[in-house]
Amino acid sequence: AQSVTQLGSHVSVSEGALVLLRCNYSSSVPPYLFWYVQYPNQGLQLLLKYTTGATLVKGINGFEAEFKKSETSFHLTKPSAHMSDAAEYFCAVSIIQGAQKLVFGQGTRLTINP
Amino acid sequence: DVKVTQSSRYLVKRTGEKVFLECVQDMDHENMFWYRQDPGLGLRLIYFSYDVKMKEKGDIPEGYSVSREKKERFSLILESASTNQTSMYLCASSLSAWDMKTDTQYFGPGTRLTVL
């Protein structure tokens, strides 16, 4: 069965520092992987997704993630954090059970220190 | 732009009440989903629907039911609300269930339900 583990429920970085949010997945078939962001009092918004092809995926707001099959990882990075990046981030993997659905990780809350 | 709207942002109900949460999407999407979001647990799928009048259970359907009479509207029903159903409820929609490669789930703003 597919599952997602996000390492670290809270991550705190300084403004301008590297952001690294970790995600590991378990899947018996080649996965489709997603990162979503949730700003305070809002729904989830898609940041980026990996389906096939290039393993380095670029998303919105300067974020990118790299699919590493050997490590079963899909970590999210941003070279330089901005105050507006403060939010909760969710990693997800798609599964097929009749229809395609998403299985989400537990979420990582990112705090940016001035 | 795809728009998914939910009828209430905040809702307070009493134990035993019947609760309706409404979700409407304006992009003619086939699929609609109801999730529950709790701290430390991420999002968990309650029910989803891939067509009008069609529904399938997700991972945590107990205590919930759903209704989809029209393509654009998907309702989540708590037949008899309990305090352990206090949570954030998120609705989502996507164009097609069958091609996650090109498809994306779009989320509403959420309804924070408190059951007293």
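Every value quoted in this text rests on a predicted model; they were computed, and no experiment measured them. Protein chains get the first letters and strands the later ones, always in sequence-line order, with residue 1 at the start of each.
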Problem set entry | same_hphob_cluster(A:L102, B:Y89) at 4.5 Å side-chain heavy-atom cutoff | no

For this session: Please check if B:Y106 and B:Y47 belong to a single hydrophobic cluster, counting links between Ile, Leu, Val, Met, Phe, Trp and Tyr side chain heavy atoms closer than 4.5 Å.
Result: no

Exercise. Below 4.5 Å, heavy atoms only, C-beta onward: do B:L43 and A:L44 meet side chain to side chain?
Worked result: yes

Problem set entry | Closest approach of B:F48 to A:K101 (non-hydrogen atoms, all atoms of both residues) | CE2-CD, 3.2 Å

For this session: Flag the one option from A:G105, A:G107, A:A92 with the top tally of heavy-atom pairs under 4.5 Å to chain B.
Result: A:G105

Problem set entry | B:R14 atom CZ, neighbour heavy-atom count above 12 within 6.0 Å | no

Exercise. Does A:Y50 belong to the same Ile/Leu/Val/Met/Phe/Trp/Tyr cluster as A:V93, with side-chain heavy atoms less than 4.5 Å apart forming each link?
Worked result: yes

Exercise. Do side-chain atoms of A:Y36 reach the backbone of B:F107 as a donor and acceptor pair under 3.5 angstrom?
Worked result: no

Exercise. Which of residues 74-82 of chain B get closer than 4.5 angstrom to chain A, counting heavy atoms alone?
Worked result: none

Exercise. What pair of heavy atoms forms the shortest contact from A:Q38 to B:Q37, and how long is it?
Worked result: OE1-NE2, 2.8 Å

For this session: Indicate, with yes or no, if B:Y50 and A:Y32 share a hydrophobic cluster defined by side-chain heavy-atom contacts under 4.5 Å among Ile, Leu, Val, Met, Phe, Trp and Tyr.
Result: yes

Exercise. Which of residues 74-91 of chain A have a heavy atom under 4.5 Å from any heavy atom of chain B?
Worked result: A:E88, A:F90

Problem set entry | Transitive ILVMFWY side-chain link A:V4 to A:L21, under 4.5 Å | yes

Exercise. When rounded to the nearest 0.5 angstrom, what is the spacing between CG in A:N41 and CZ in B:R9?
Worked result: 6.0 Å

Exercise. What option among B:G58, B:P109, B:A92 has the most heavy-atom pairs under 4.5 Å with chain A?
Worked result: B:P109

Problem set entry | Which portion of B:Y10 sits near chain A, non-hydrogen atoms under 4.5 angstrom | side chain

Exercise. Quick check: are there more than 12 heavy atoms from other residues, nucleotides or ligands sitting under 6.0 Å from CZ of A:R22?
Worked result: no

